[in-house]
**Q** 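Quick one: the structure is below, and I'll ask about it shortly.
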Amino acid sequence: MSLPGETDLTVLLKSMAPELDAAEYVFCQLPGNGNRINATDAWAVISEDEGKTLILKKETADKNRVPYEAVFKKITLKIHSSLDAVGLTAKVSAKLAELGISANVVAGYYHDHIFVQSVNAGRALAGLKELSSKS
């Protein structure tokens, strides 16, 4: 059984249509400081052996005094990529590595989302658009 969405790497790269979100995001641990974060406030919750990692909008973290170490922007690849697709994450990561940009990739059912430090967001978006246009 194959999952829905595009699996052809050439089509994925040509049609990925990277889009930069205007909001800023932070990665943080589930707060142990007594402050409550509603799960609906989190963009994502990732369960690890050491605890829960939350991806929050920066404004939500600041409002709730949740500590974080860095600020990120989210780039969404607008093509509906299949969870069965092979190579998209590798190509995107390689392009960003070539530019000296760290990439934190989160895959959803429909799209791949790449979190890059805010200071690198413009260069990352330009690099991904270049990768798409040359594919």
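We count residues from 1, following the sequence as given.
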**Q** Counting only heavy atoms not in E69 (residues, nucleotides, ligands), do more than 12 fall under 6.0 Å from its CD?
**A** no
**Q** Grab the two heavy atoms, one from L96 and one from A103, that are nearest each other, plus how far apart they are.
**A** CD1-CB, 3.6 Å
**Q** Would a hydrophobic clustering, with Ile, Leu, Val, Met, Phe, Trp and Tyr connected at side-chain separations under 4.5 Å, put L99 with L125?
**A** yes
**Q** OH of Y110 to CG of L83: how many Å apart, nearest 0.5 Å?
**A** 10.5 Å
**Q** Do T76 and H111 have side-chain atoms, one donor and one acceptor, less than 3.5 Å apart?
**A** no
**Q** Can you tell me if S132 uses its side chain to pair, donor with acceptor, with the backbone of L128 under 3.5 Å?
**A** no
**Q** Okay, side chain of S82, backbone of T7: is any donor-acceptor separation there less than 3.5 Å?
**A** no
**Q** Could you grab the distance from atom CG of N64 to atom SG of C28, nearest 0.5 Å is fine?
**A** 9.5 Å
**Q** For the side chain of S135 and the backbone of L131, is there at least one donor-acceptor N/O pair under 3.5 Å apart?
**A** yes
**Q** Distance from Y109 atom OH to H80 atom NE2, nearest 0.5 Å?
**A** 6.0 Å
**Q** What's in the same ILVMFWY side-chain cluster as V86, cut-off under 4.5 Å, chained through other members?
**A** none
**Q** Of K57, K73, K78, K74, which meets salt bridge (charged side-chain N to carboxylate O under 4.0 Å, His left out) against D21?
**A** K74
**Q** Using modelled atom types only, decide if a donor and an acceptor are shared between the side chain of D8 and the backbone of T10 within a distance under 3.5 Å.
**A** yes
**Q** Check whether L20 and V71 end up in the same hydrophobic cluster, where Ile, Leu, Val, Met, Phe, Trp and Tyr are linked by side-chain heavy atoms less than 4.5 Å apart.
**A** no
**Q** Would you check if the distance from the ring center of F27 to the ring center of Y68 is below 6.0 Å?
**A** no
**Q** Listed by chain and number, what are the side chain to side chain donor-acceptor pair (under 3.5 Å) partners of E130, not counting sequence neighbours?
**A** K95, K134
**Q** Centroid separation under 6.0 Å, is that true for the rings of W43 and F72?
**A** no
**Q** Under 4.5 Å between any side-chain heavy atoms of V45 and T53, yes or no?
**A** no
**Q** Mind checking side chain to side chain donor-acceptor pair (under 3.5 Å) for N104 and listing every partner two or more places apart, or none if nothing turns up?
**A** none
**Q** For a quick test of reading the model, state the closest non-hydrogen atom pair linking H113 to G108 and the distance between them.
**A** CD2-N, 4.3 Å
**Q** Got a second to check how far E59's CD is from D41's CG, nearest 0.5 Å?
**A** 10.0 Å
**Q** Got a second to check how far S81's OG is from L88's CG, nearest 0.5 Å?
**A** 6.0 Å
**Q** Hey, could you give me the CD/NZ distance between E6 and K14, rounded to the nearest 0.5 Å?
**A** 12.5 Å
**Q** Is V26 reachable from V116 through a run of hydrophobic residues whose side-chain heavy atoms are each under 4.5 Å from the next?
**A** no
